Amino acid sequence: MKISTFLVLFSLILSSKAMAISDLTPEYLRCEYLENPFIDEREPRLSWVLASEVRNQHQTAYRILVASKMELLEPGKADLWDSNKISGDQTNQVVYKGKALVSRQKCYWKVQSWDKKDQPGKWSEASTWEMGLLMASDWKSKWIGKDFSSNTLPIPYKNKELLLPPSPILRNKINLTKKVSKARLYITSLGLYEYRIDGEKVGLDFLAPGWTDYDKRVYYNVYDVTDRLDQGEHVLQAILSPGWYSGYIGYALLIGNPVVRAFYGDTPALRAQLEVTYSDGKTATFSSNEEWKAASGGLVESDILHGETFDARKVPEDWSKTNFNDNNWSNAEIISAGNRNLELYPAQPVQVTEIIKPVDIYERENGKFIFNMGQNFAGLVKLKVKGKAGDKVVLRFGEMLHPDGRLMDENLRMARATDTYILNGDPNGEEWTPSFTYHGFQYVEVTGFPEKPKKESITGLVLGSNTPRVGHFETDHPMVNQLYKNIVWTQRANFVDIPTDCPQRDERMGWTGDAQTYAGTAAINMDVSAFFTKWIQDLNDAQWDYGAYPDYAPAPGVRISDTYAPGWMEAGVINPYEQYRAYGDTRIIEKGWENMERFMAFHDKKSKGTFFYPEGSFADLSPKGGYGDWLSIGKKTPPDMLATMYYGYVSQLMSEMATAIGKSGRAMHYQNLSKKIKSAFAEHYMDKESVRLITNAAAYGDGKGYVDGQMGFSGHTQTAYANAISLDFLNEEQKKKAGAHLAQLIYENDGKLATGFLGAKQLLPALTATGHSDLAYQLLLNEEYPSWGFEIKNGATTIWERWDSYVKDDPEKMASLNNGMNSFSHYAFGSVFEWMFNTMAGIRAEEPAYKTFIIAPEIPQNAINYVAASHQSIHGKITSSWKKEKGKLLMEVSIPVNTQATVYIPAKNELEVTLDDIRLDQHQDIQLGHFYKGKQAVKLGSGTYHFTSHID
């Protein structure tokens with residue numbers, strides 16, 4: 001062997017092994033935010049988290065290998081991409097730059113990192129992603145279905161009529177002539193589907209393939225079904241349901257909208273193809289087409305809102321068997337669906353995420369029983385029953401009981417929310433779970449059970465988008481712990497493919513005001529990176545032609561009067577920004593930039609160049625500009641004032657996002673625009689000397705405005721000051737005065753809040769920012785109406801829509817409530833958790849994705865003596881905990897590898913702080929900062945640190 005050849009080989013060996021001198025190891029490899037996913041992104045983004053036992057550790061370089069086969073995943077062999085050693089500390093949003101990817105391609109990848117001393121660490125374990133069908137020509141299948149609506153009689157319901165046609169069942173027999181080495185099912189539907197092979201459901205997903213604007217995009221799913229197929233005959237089956245496509249959506253039926261169902265199309269349809277690779281390399285494709293057979297089966301009624309009726313007697317016996325005679329079935333109809341933009345579902349699917357068992361059963365009159373599940377949630381129940389053929393078990397769902405024990409269903413409005421099972425008489429007993437509906441409930445009323453039911457007769461199945469849990473929060477205060485639990489459960493109940501406002505009534509829409517105010521909290525609790533990637537696309541698809549974003553997305557037009565609303569429509573800018581802040585995602589900005597620019601142009605037009613919203617700008621809305629501070633108490637903050645503040649706020653966000661994607665000119669434009677809006681706001685709404693926020697007719701120029709207090713509106717409200725402070729409309733001196741006004745308004749209101757959806761999130765942060773953290777804690781811990789504690793004292797296990805949704809053991813008060821607008825699972829007021837996490841635990845991001853962050857807890861004087869929180873960021877796990885003990889404060893913080901934090905330790909005196917029992921100034925490996933306002937600053941790299949300080 002020549003010496004030069006030997007040196008090259010020796011170099012390759014060194015490179016491949018990289019001699020793993022460091023313990024720095026990449027873990028939790030993901031592609032497009034998902035583990036081992038199917039994707040159709042041609043330039044996917046890769047991410048990993050680093051692990052090391054070394055303090056202050058960070059990455060100085062990385063190398064990525066991508067190969068088409070596992071055995072090629074080595075340096076010098078990787079055939080798709082070898083990035084070689086790239087200097088830098090980037091561990092997420094790393095864009096694949098290898099060979100062009102093609103349909104069906106499976107990619108294996110791994111990564112290696114170099115530490116702060118430029119020493120290589122171990123290679124990660126291998127991960128994968130697999131490409132979907134990238135070309136329209138890849139789809140060989142046809143849209144098929146069967147329309148049974150023409151023979152369906154309307155069902156009377158609450159002085160209306162429901163059209164609930166039977167769901168079609170579809171069937172096809174195939175023969176696999178050889179041993180199978182690989183099989184993939186590519187499947188979608190207009191409406192919802194359940195696909196089976198030989199009678200067994202494929203996958204764990206519910207409500208697939210999700211809700212979109214079907215005229216702009218339809219998502220499909222991919223399943224690896226290799227283990228389900230062997231040589232021989234098999235039966236492919238599908239069941240369809242109208243779902244969001246052709247079923248009932250929202251409250252259209254309630255308000256008598258001209259269209260109440262079938263907003264997108266009349267007939268659900270299936271498109272599926274099973275692609276098989278035999279062991280000899282040959283392939284075969286089995287597609288949905290006119291050769292499939294169709295019939296009606298046991299699912300005689302099916303609807304997202306109204307529930308399901310299943311007649312087990314009507315299920316064709318043995319229709320999953322290969323010898324079943326389907327000669328009496330008709331051929332499936334080819335559904336004319338036009339050209340549909342098919343894209344691979346980009347997020348975690350809706351699945352069963354937890355099992356809940358009843359805690360009690362209450363027997364009522366006339367053979368009724370009510371099961372108490374012990375927790376309000378979104379999902380289904382599995383029924384276990386034994387009886388005669390024709391016995392009918394009816395399940396009705398509610399979130400609360402009336403004081404006399406009756407199921408409370410008034411707040412469901414037009415949602416029937418009823419499931420019915422008709423037995424076939426199987427002597428061994430029967431089990432049934434609905435397939436294409438879900439409910440929001442804690443209580444299940446059961447009627448018609450053949451015998452007295454037991455707790456085992458009902459099992460709760462919690463449904464939701466299976467977003468990973470990344471947050472934790474606990475204290476020594478039981479009410480605060482219950483509040484956090486309620487916030488998490490409400491998010492779980494409403495993140496069902498889209499961020500719904502509520503899971504129980506005739507709505508379940510992706511309301512933008514709720515989503516924008518809660519986005520920060522959502523990302524702390526769960527990894528919603530993929531979830532919001534999906535919904536922000538829905539939002540962009542729903543944007544009106546004139547530039548505004550609608551009240552909800554997807555937006556099928558359930559109200560003919562739908563238009564736009566301040567504080568709601570800004571979700572089109574705020575939610576991409578929150579995605580950028582939480583995950584460092586700039587692609588979401590780039591993809592939606594044109595949409596956001598159109599929205600800002602709409603703002604400019606509506607503000608008429610004055611940079612505030614004058615009287616008349618929202619003349620087409622009622623009252624005076626959308627929803628305002630929805631469900632606030634007392635005087636209402638003028639919607640034009642809120643519109644102006646949101647206009648200035650999103651201008652600032654646009655500037656920041658423009659900088660992030662390299663649009664410096666647009667960044668300067670929006671920065672200047674934000675300044676002009678804030679200046680106009682001060683001129684129009686603020687007494688400069690006192691910083692009192694007001695509105696008066698003279699300020700409008702045309703004299704047609706309203707004076708403060710007129711029509712119930714006032715600029716001098718908790719919401720007005722909270723937003724002006726939190727949205728950065730004031731300088732530091734003005735903030736101090738505004739904070740004093742805000743505190744005074746709270747004192748004048750008997751120490752209680754008065755904010756609605758647009759004020760609750762900003763209220764406590766505004767108090768903390770202006771030196772009133774003690775008052776913020778008081779509001780958090782209050783148990784009198786209105787407060788979060790009031791809900792908990794009255795039995796809440798989730799967050800309510802209204803501050804007074806339920807008053808325990810008070811029939812007179814209950815009778816006076818607006819039961820039609822009374823959701824017990826509405827996450828908007830749960831946005832208070834962002835303050836709890838940022839202030840009580842003290843964790844606040846500085847750079848996007850927590851690349852650098854602050855830990856600066858605000859320690860209350862009393863009531864709470866312990867707080868512990870954690871968040872699994874895209875860079876790794878951050879923890880912060882503190883405990884008061886005998887005049888000392890014990891703090892523990894954990895900082896992920898490849899990040900830095902500035903920790904502020906409360907203390908009586910400068911340097912009266914120890915780290916591992918050693919004075920801070922005696923540590924050589926930390927950077928000591930200033931002591932200011934009773935807090936000692938310390939700059940730290942990765943690691944876990946224990947601090948002790950004196951606070952009394």
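Only a predicted model underlies this, so the values are computations on that prediction, with no experimental measurement involved.
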Do [X] and [Y] have side chains that approach each other closer than 4.5 Å (heavy atoms only, starting at C-beta)?
{"X": "Arg184", "Y": "Val225", "result": "no"}
{"X": "Phe148", "Y": "Pro168", "result": "yes"}
{"X": "Phe310", "Y": "Trp432", "result": "yes"}

Intermediate values then yes/no, side-chain contact (heavy atoms from CB on, under 4.5 Å), Gln375 and Trp489: CA-CA 9 Å; Gln375 172 64 52; Trp489 270 104; 3.3 Å; yes
Without hydrogens or angle criteria, can the side chains of [X] and [Y] be said to hold a donor-acceptor pair below 3.5 Å?
{"X": "Thr437", "Y": "Asp419", "value": "no"}
{"X": "Thr285", "Y": "Gln273", "value": "no"}
{"X": "Asp138", "Y": "Ser103", "value": "yes"}
{"X": "Ser320", "Y": "Arg196", "value": "no"}
{"X": "Asn466", "Y": "Thr353", "value": "no"}
{"X": "Tyr193", "Y": "Asp205", "value": "no"}
{"X": "Thr533", "Y": "Gln579", "value": "yes"}
{"X": "Glu308", "Y": "Tyr421", "value": "no"}
{"X": "Gln537", "Y": "Asp541", "value": "yes"}
{"X": "Asn376", "Y": "Thr798", "value": "yes"}
{"X": "Gln237", "Y": "Arg171", "value": "no"}
{"X": "Ser529", "Y": "Asp527", "value": "yes"}
{"X": "Gln491", "Y": "Asn525", "value": "yes"}

Worked verdict on Glu32 versus Arg45 for side-chain contact (heavy atoms from CB on, under 4.5 Å): CA-CA 5 Å; Glu32 289 298 312; Arg45 295 163 297 172; 2.8 Å; yes
Classify the ring geometry of [X] against [Y]: parallel below 30°, tilted from 30° to 60°, perpendicular beyond 60°.
{"X": "Tyr518", "Y": "Tyr827", "value": "tilted"}
{"X": "His439", "Y": "Phe441", "value": "perpendicular"}
{"X": "Tyr484", "Y": "His472", "value": "perpendicular"}

For the [atom1] atom of [X] and the [atom2] atom of [Y], what is their distance to the nearest 0.5 Å?
{"X": "Leu270", "Y": "Ser141", "atom1": "CG", "atom2": "OG", "result": "8.0 Å"}
{"X": "Trp319", "Y": "Leu170", "atom1": "CH2", "atom2": "CG", "result": "7.5 Å"}
{"X": "Ser288", "Y": "Leu274", "atom1": "OG", "atom2": "CG", "result": "11.0 Å"}
{"X": "Gln351", "Y": "Leu461", "atom1": "CD", "atom2": "CG", "result": "12.5 Å"}
{"X": "Trp292", "Y": "Ser287", "atom1": "CH2", "atom2": "OG", "result": "9.5 Å"}
{"X": "Ser823", "Y": "Glu801", "atom1": "OG", "atom2": "CD", "result": "5.5 Å"}

Using a 6.0 Å cut-off, check whether atom [atom1] of [X] has over 12 heavy atoms from anything other than its own residue.
{"X": "Lys182", "atom1": "NZ", "value": "yes"}
{"X": "Asp227", "atom1": "CG", "value": "no"}
{"X": "Lys216", "atom1": "NZ", "value": "yes"}
{"X": "Glu125", "atom1": "CD", "value": "no"}

Which heavy atom in [X] sits nearest to a heavy atom in [Y], and how many Å separate them?
{"X": "Pro346", "Y": "Ala530", "result": "O-CB, 3.6 Å"}
{"X": "Glu399", "Y": "Gly440", "result": "CG-O, 3.6 Å"}
{"X": "Ile187", "Y": "Trp139", "result": "N-CH2, 4.2 Å"}
{"X": "Gly210", "Y": "Trp244", "result": "C-CZ3, 3.7 Å"}

Verdict with supporting geometry, Thr797 and Asn486, side-chain hydrogen bond (donor to acceptor under 3.5 Å, both in side chains): CA-CA 5 Å; Thr797 62; Asn486 290 4; 5.5 Å; no
Spell out, as yes or no, whether a donor-acceptor pair under 3.5 Å connects the side chain of [X] to the backbone of [Y].
{"X": "Ser124", "Y": "Val111", "value": "yes"}
{"X": "Asp501", "Y": "Met509", "value": "yes"}
{"X": "Asp506", "Y": "Gly250", "value": "no"}
{"X": "Asp585", "Y": "Ile588", "value": "yes"}
{"X": "Thr418", "Y": "Gly307", "value": "no"}
{"X": "Thr212", "Y": "Arg217", "value": "yes"}
{"X": "Arg396", "Y": "Gly398", "value": "no"}

Sub-6.0 Å ring centroid separation between Phe397 and Tyr443: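 When the ring centroids of Phe397 and Tyr443 are compared, they turn out to be at least 6.0 Å apart.
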Aromatic ring proximity Tyr96/Trp129, centre distance under 6.0 Å: yes
With Phe531, the ring pair (Phe, Tyr, Trp, His ring centres under 6.0 Å) member among Tyr345, Tyr33, Phe495: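 The option that passes is Phe495.
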Verdict with supporting geometry, Phe473 and Phe837, ring pair (Phe, Tyr, Trp, His ring centres under 6.0 Å): CA-CA 8 Å; Phe473 187 88; Phe837 182 76; 7.8 Å; no
Cationic tip of Arg508 above Tyr438 ring, under 6.0 Å, 45° of axis: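 Geometry flag: set, cation within 6.0 Å and 45°.
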Axial cation check for Phe206 ring with Lys201, 6.0 Å and 45° limits: yes
Salt-bridge present (Arg30, Glu35; N to O < 4.0 Å): no
Worked verdict on Lys534 versus Glu343 for salt bridge (Lys or Arg N to Asp or Glu O under 4.0 Å): CA-CA 11 Å; Lys534 189 266 181 189; Glu343 298 180 7; over 6 Å; no
